[in-house]
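Single-structure report; data block below.
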Amino acid sequence: MMSHDPCLREPRSLFATPSADPDGRSLSRAASQSLAERIFALMTGGGTSTVGIESRWRNNVRWARNDIATGGDTEQTTIELTRVIRGASGNASTNATADDALRACVGRAESLLMLGDESPDDYPDPLPTVHPHTEPTLWFGDTAAMRDMTLSAVADASITPAHTVQLWAAGYADAAANSRAVFNTQGLTRYYAYTTAQCSITVRDPHGHGSGWAGVDWNDWSRVQPERLAQIALEKCIRSRNPVAIEPGRYTAILEPQAVCDLVAPLVERALRRGDAESESGPFADPRRGGYSRIGQRVIDPRLTLSADPMDPECGIVPFNVNGEPYQAVKWIDQGVLRELWYDREYGLRQLGKDFALPNSEAFRLSSATRTNTIDEMIANTTRGILVTRFNNVDLLDFNSMLATGNTRDGIWLIEHGKIVKPVKNFRFTESPMFILNNVEMVGAPQRVFRPLAPAVVPALMVRDFSFTGVVDAV
Amino acid sequence: MRCDRGWLASIVLVFTLGMSASPAHAMDVASYKIAMADSITLSDPFARYVTPGQCKQAFYRLHRAYWRSRRRDTVVFAPLTDSTPKSVVQAARHCTTRFSVDRVDPRQLLDLVQLYIWTGQGDLAQRAMDRLRLASAKRPAVARGWTMYLYAMTLLSSRPVQLSSVQQAVADLDAMGAPAATWRLFAHNQLSKYLIALDDAAGAENEARAALRASRAMSLTDRIDWMPRIFNAYQSLLSPVERRHGGAAALTILDTALVDLLPLRPAGSAEAEAIRQDIRNERQLPLMLGSSIDTPLHASVWFSTSGDTIYPRHGVPALLIAGTASCGGGCYPMYATIRRLHAKYGAHLDIVFATGTGGFFRLQPTADPLIEADSAGAYWTTYLQLPVTVAVETTSFSRLDDGRRRDAETVNQRNYFRVREAVLVDGHGVVRWLGGVEPTSEAIWDHLIQELLTAQ
């Protein structure tokens, strides 16, 4: 006997034309609502409840050493449930939608709730004011209808040219149809459908002498352009072969957009909380006035603006968080001056007289209001410097300064007298985004980079005195 | 200035918060219980546990689960007569039956001792403690002292407390001398706080002085490391000295504390300045004791007054409390204490909540401070039905350059509540006590109020 479960369906033929209808790949609004109502019906004991539903269909392919390693599609619905009764709360999650699984999930949440302390002050809080959210275009039918043959062609687009020149290609590509929904028993209803697409390609010399990489993620697969990425990765690998070791030290560094993102992303993810800054913690705490942030002060180069907007056509994001709170268009840093830091609803209420939060989507755009320069122009203007493709293993060393360490990878070259002269061995760096964003010589045009966690649009930067602290033998 | 707005407050409450304010709802303890199946069964909750330590942890959870849907906030603090719920004791005793005092690993003996104490199996606890003493005879004195300290604290946390057993355990700790000086400081200090809660001022003073004697037997390194705990012992000494000898004697204690503690921090350092500041703060209380406050409570809005709005009233002792409506469930123990004091003293004691406005009530911003005042007053008098008068000041505030609100000190905070959140004044406006109002200090307030009324 099949239980009543809208998510169970007949096996899908690989040769059938996939439907662009969201219901075919991820949960529709009606299906999400129906699922939430089933969950609410299982609850006992009153109180309030919130159900978050993330539904995802993902079609992916992974290849290495010029062979496809894995491929296929997955479908998953993740349910996060929070129950609150008289101040005691319990959380549980599940990825199964059958009745018995939902019942078990509700039971787990309510069991955990039993371990919590209730507040006898069961005076209900007023209904939250449900602020509207924006409606960015994040759904692209062709991406949702992605076929397996398309992704294997992506792999082939990098494998064939690599194989031709006796190099190895590896990579990962996927397209996904997603939906995010939040419902609670106080009447909040949020739903959003969106597609995502990503492609990351590495080309390596089999003898371990060179490596090149290119990658990007978008909501619309048509913007990914995997052939272009494959070409870039291949060229970088060829140009990075047989690197030489040079002395570590402070160099003028031209950081490609991906490298800039790798350094700046921790700042966006970790340092933008207003409470931290006003607790004298983090790079945006005012060192001269304890208990104050640096809002209103210049913190980075005045050409640069760090912003986020769900409606950004190149950097849009689902317009609300897991609590249903809408993301707003915000300039965290405007022409170098810190303008905003994120806060929760209680802070907004007590400190600012607002009944809503300013949440951080962690998506960001770093842009310049002035004329931008191409990477070629930056190279031409460099007497002696390093061109960096990207960083990895970036670890934060000190939160107050955002000092971090990590290493370069997948293509790094020495520049002398305006020309790239040779590939060099990878470096370990010890730097801070606060330092580099105050040492900017030139700014490029922003472009989308590879950051599936949350989108980022970032320019290339030419920065002075970038600290490379050691040579790394790894390719 | 408006007076007694109870009826309007109900309407405002409904409008603002969207629920019907039912007097029965606030006081219906039965309705507080969760209407769901209790998933914790007491038949054998310890089936999975193989060590006394695990049984001990499960004991904590069972105890918590027992109280979970009961109104623990209404329970009077009476450790000498309290008992652990029978169902919890029975279940934990069942767990202990699988262990033998003679065969359990020596490293688990302390857990077993604690479990026996909490389940009222004193003889077995004594046997296990004797075996533990024997097993640790060769351990350093510092380690043995720590074990003895934990044993004493276990006795102190059992219900009902066997005070003589606690005192014996602490005496045994004292007998260990200088090597156990740090643990002696802790033990005497904890015992002093416990006796303060029972309003045994003489006993609390003796224990606090014993804690300070122990601190002088500590090595210099330990005194430096544990300086905050030594300061805490001085703080424990203040309360019984104030009760027994008055504010001037308490100021002398603080002078001694300054001389004793300042050398434990580098001269001129920020830490040394912190000690000075802490002691300056502590001096405020004895300075305020016995002083006369001529200014009555200030408010824009009053609720449930006696007819006029001059508080404290001449001839009537008053318990004045700086309250905040956003305290919520955390203040329910205080409210329960207030209800009991009112039940005992009735019209002979005024209880007044003084509060200000903050720009919001619960999670709603309130642009109009009078709306907020009405909400707070209705919350205490109509919803909770507390037998209190409420005085609400409209708080002046400014905005920092980053938009944050900064409240100015209110008149009442300046005159009454700059030292502690509750003040007892006699019928002549003289401050007789300051502190927090909670079940663990209820005995002190009760005795003081009785003394005031007897003296009148």
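Convention: sequence-line order gives letters A, B, ...; per-chain numbering from 1.
Looking at A:Arg274, the atoms closer than 4.5 Å to chain B (heavy atoms on both sides) all sit in the side chain, from C-beta outward. Interface residue A:Tyr292: backbone and side-chain heavy atoms are both found under 4.5 Å from chain B.
Few gaps surround CZ on B:Arg265; more than 12 heavy atoms of other groups in view lie less than 6.0 Å from it. Atom CD of A:Glu346 is surrounded by 12 or fewer heavy atoms from other residues, nucleotides or ligands within 6.0 Å.
Annotation: maximal heavy-atom pairing with chain A below 4.5 Å, among B:Cys331, B:Gly328, B:Gly358, B:Cys327, occurs at B:Gly328. Each of B:Gly359, B:Ser326, B:Ala367, B:Gly403 has some count of heavy-atom pairs under 4.5 Å with chain A, and the biggest count is that of B:Gly403.
Salt bridge B:Asp402/A:Arg289: absent, no basic N to carboxylate O contact under 4.0 Å.
Here the CG atom belonging to A:Leu352 is positioned 8.5 Å from the CZ atom belonging to B:Arg404, to the nearest 0.5 angstrom.
Of the N and O atoms on the side chains of B:Arg406 and A:Gln351, at least one donor lies less than 3.5 Å from an acceptor on the other residue.
Shortest non-hydrogen contact noted between A:Gly353 and B:Pro365 is O-CB, 4.1 Å.
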